[in-house]
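Chain letters run A, B, ... following the sequence lines, proteins first, then strands; residues in each count from 1. Keep in mind it's a predicted model, so treat the numbers as computed, not measured.
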Amino acid sequence: MAMEDPDRKTEVVLLACGSFNPITNMHLRLFELAKDYFHETGKYKVIKGIISPVGDAYKKKGLISANHRVTMAKLATENSDWVEVDDWESCQNEWLETLKVLRYHHQKLLSADVTNSLQDAVPITKLGRKRKQEPNRHEPIKKKNQSPVVKSVPQVKLLCGSDMLESFGIPNLWKLEDITEIVEKHGLVCISRAGNNAQKFIYESDILWRHKNNIHLVEEWITNDISSTKIRRALRRGQSIRYLVPDVVRAYIEKNRLYSPESEDRNAGVVLAPLQKHASDPRSSQALNN
Amino acid sequence: MPIIKGEVRIYREEVSCFAVRMRSRIPVILLACGSFNPTTNMHMRLFELARDHLHQTVLPVEDTYIPKFPGRYQVIEGIMSPVSDQYGKKGLVSARHRVAMARLALETSDWIRVDPWESEQDTWTETVKVLRHHYNEALRAFQSKKEFMRNKHPTESSTVDSFPCQQPVLPELKLLCGADFLQTFKTPNLWKEEDIKEIVEKFGLVCVSRAGSDPSQFIQELDLLSKFQHNIFLVREWIQNEISATQIRSALCRGLSVKYLIPDSVIAYIAQHNVYTAESERRNEGHLLQPCRLQNTAIKPLRD
């Protein structure tokens, strides 16, 4: 692997938030497509992918326990050398806004970065914080003669499908200020099928339009519509889900009999956490489109 | 436990009419012919979809694990038959590779296998001949199994789909294909009419189509097909997963990822043997497909 000059390319971490109920080949494809896209620009280097399953407090209909969802995601990424699962979000007692998860991971990278730089410049500074060693991270040996603050921090970008992008328009689901900070300070990578409405959606929103340079639209030419909803439906009907999800995930679902008509009824009639939270907040009813 | 096995277990415990139904289930072997250049997740999905459909494990109205009525069929085997190099299709890499990749892809399947017979023939083989070959093979296996069972104590029958008193039923061999394959019946000079007739009459078709399209109209438009429509099974794929091998090869040539579209083992094989390159894609460029070359006499195109 050729050593690239880390100063010339912006390092990117892709963060995917969602139910992953269950994780499918389509979810995993999003990462591959986004990585290829960024590399083709020549300006970015994707260094890590993070799958962050939502907590049970999200209260979505049919959402099974986070333990299972996290385990399945981990099984699915066992043989990936750059995509990993983070269970911080799923461990929280309350539902967390996506922006908070982004901020958390951004902060985590910042601290890891500081530690890396400090390790060379100054004798051991113990942060008292667990940090995952990334095998493909650049060793800051090169940076020994430079001041720690010069190195640019990796950007954490939210990876999603066009359905999430378009969910920005659902009343009370997102706070306008959150959307703004997501696209302004972090960035969005949106994978969608050829001929979709993503571009039009961005055009119709002043806020999205203003930050369109930080919204990366990636077209998926190979139609791959493996939604978790369809997987659960197939399972209830005793139909095969082979080759739509990783085999280890299929085996885990089968062994634990995870999805049934009963599990699909979970949270039936319960209001989705963000809707509940924002219902009384006047800021949430601000329209995305002008 | 996989739901199919569970279904059989339930029926074993039933005393009444289900036992009668079980006895009359017809064993089916699904045969898919194609380039498999390379084998993709979609190819393998076709088998899974076809099997589910023929088993009709659940009535579509209710969402429940408990099957109400078993289908008439019991799918006992799936066969992937990669075409021989003589087919002459653009970008077709050596059969050796295509068979190896199919084998790797099917490693985790307990009912689908790859059969290299067609790929090993010196000339391109008409689909109907491939069907005949595999049918004869299945027939031979069936005869020897019948002999075997006759010589054994009746209660020791070991197959999961037979009851102690059940006689083995002659298996049927059906051609598994996508809707685009069905459409090729219309292409002038590609098919002999008598071959199409034999395929739909003697064997049968299991045709998988995507959510938007509906081949039933096409079938109505052709007398030959509509006459044997009882032997043409139309399966809808609601989960769109159109992973064309052409797109895979194109992605590979551009250094783009195909992970999660084809099995990891196949990706590794392709990398190790440098199977798909700009050069391999140019193979057979400008050549006519072998079946088209053969039909040099005026063949009546299937048109009504």
Side-chain angles (χ1 to χ4, degrees), chain A residues 23-37 39-40 46 76-83 193 218 220-248 250-251 253-255 257 259-265, chain B residues 1-7 39-53 55-67 105 107-112 210-212 237-244 246-248 250-251 254-264 268:
Chain A
I23 193 165
T24 72
N25 283 349
M26 188 192 72
H27 293 129
L28 297 161
R29 269 301 285 166
L30 297 186
F31 284 93
E32 299 291 307
L33 285 160
K35 187 178 182 197
D36 279 346
Y37 163 85
H39 286 187
E40 300 251 294
V46 176
T77 50
E78 240 166 13
N79 65 6
S80 175
D81 59 2
W82 68 285
V83 182
R193 244 170 287 161
V218 182
E220 159 71 294
W221 297 101
I222 298 176
T223 316
N224 195 14
D225 188 24
I226 308 171
S227 75
S228 301
T229 305
K230 291 182 176 174
I231 296 295
R232 297 197 306 274
R233 183 178 294 138
L235 286 164
R236 289 196 303 277
R237 298 176 185 186
Q239 291 165 348
S240 166
I241 58 168
R242 262 194 197 248
Y243 314 116
L244 300 176
V245 305
D247 221 47
V248 284
R250 182 198 56 81
I253 292 172
E254 229 167 72
K255 182 163 162 230
R257 296 217 107 179
Y259 294 107
S260 62
E262 290 73 43
S263 71
E264 200 60 20
D265 266 339
Chain B
M1 280 300 248
I3 196 61
I4 301 300
K5 285 210 184 112
E7 176 196 70
T39 303
T40 71
N41 284 351
M42 192 198 72
H43 290 134
M44 298 184 290
R45 267 302 284 166
L46 294 187
F47 282 93
E48 298 288 313
L49 284 160
R51 182 168 75 157
D52 280 348
H53 180 89
H55 284 185
Q56 287 181 69
T57 52
V58 180
L59 286 179
V61 178
E62 293 173 54
D63 273 357
T64 167
Y65 273 134
I66 315 288
E107 245 167 5
T108 59
S109 178
D110 60 359
W111 68 284
I112 314 167
R210 64 188 93 111
E237 161 68 296
W238 295 102
I239 303 176
Q240 282 190 284
N241 193 23
E242 286 146 55
I243 306 170
S244 94
T246 308
Q247 287 174 315
I248 296 292
S250 164
R254 295 175 190 182
L256 301 175
S257 166
V258 294
K259 202 168 160 77
Y260 312 115
L261 299 175
I262 71 179
D264 283 347

S.K.: Let's go through A:L28 and B:K259 carefully: what are the C-alpha distance in whole Å and the side-chain angles of both, what is the deciding distance for side-chain contact (heavy atoms from CB on, under 4.5 Å) to 0.1 Å, and is it a yes or a no?
M.R.: CA-CA 8 Å; A:L28 297 161; B:K259 202 168 160 77; over 6 Å; no
S.K.: If I take atom NE2 from residue B:H53 and atom OG from residue A:S240, how far apart are they, to the nearest 0.5 angstrom?
M.R.: 15.0 Å
S.K.: Pick whichever of B:L256, B:I243, B:I248 has the most heavy-atom pairs under 4.5 Å with chain A.
M.R.: B:L256
S.K.: Is there side-chain contact between A:M26 and B:I239, with heavy atoms separated by less than 4.5 Å?
M.R.: no
S.K.: Specify which of A:L33, A:T24, A:T223, A:I241 makes the most heavy-atom pairs with chain B at under 4.5 Å.
M.R.: A:T223
S.K.: When you measure from the side chain of A:E32 to the backbone N and O of B:Y260, does any donor-acceptor pair fall under 3.5 Å?
M.R.: no
S.K.: Checking heavy atoms, do the side chain of A:E264, its backbone, both or neither come under 4.5 Å from chain B?
M.R.: neither
S.K.: Measure the CG-CG distance between B:D264 and A:N79 for me, rounded to the nearest 0.5 Å.
M.R.: 5.0 Å
S.K.: Would you give the length of the straight line joining atom CD of B:E48 to atom OH of A:Y243, rounded to the nearest 0.5 angstrom?
M.R.: 5.0 Å
S.K.: Roughly how far apart are B:Q240 CD and A:I222 CD1, rounded to 0.5 Å?
M.R.: 13.5 Å
S.K.: Side chain, backbone, both or neither: which part of B:S109 has an atom under 4.5 Å from a heavy atom of chain A?
M.R.: both
S.K.: What's the shortest heavy-atom distance between B:T108 and A:R242, and which atoms?
M.R.: O-NH1, 3.0 Å
S.K.: Determine whether a donor-acceptor pair (N or O, by modelled atom type, separation under 3.5 Å) exists between the side chain of B:D52 and the backbone of A:Q239.
M.R.: no
S.K.: Kindly give the heavy-atom pair with the smallest separation between A:R29 and B:V258, and that separation in Å.
M.R.: NH1-CA, 3.8 Å
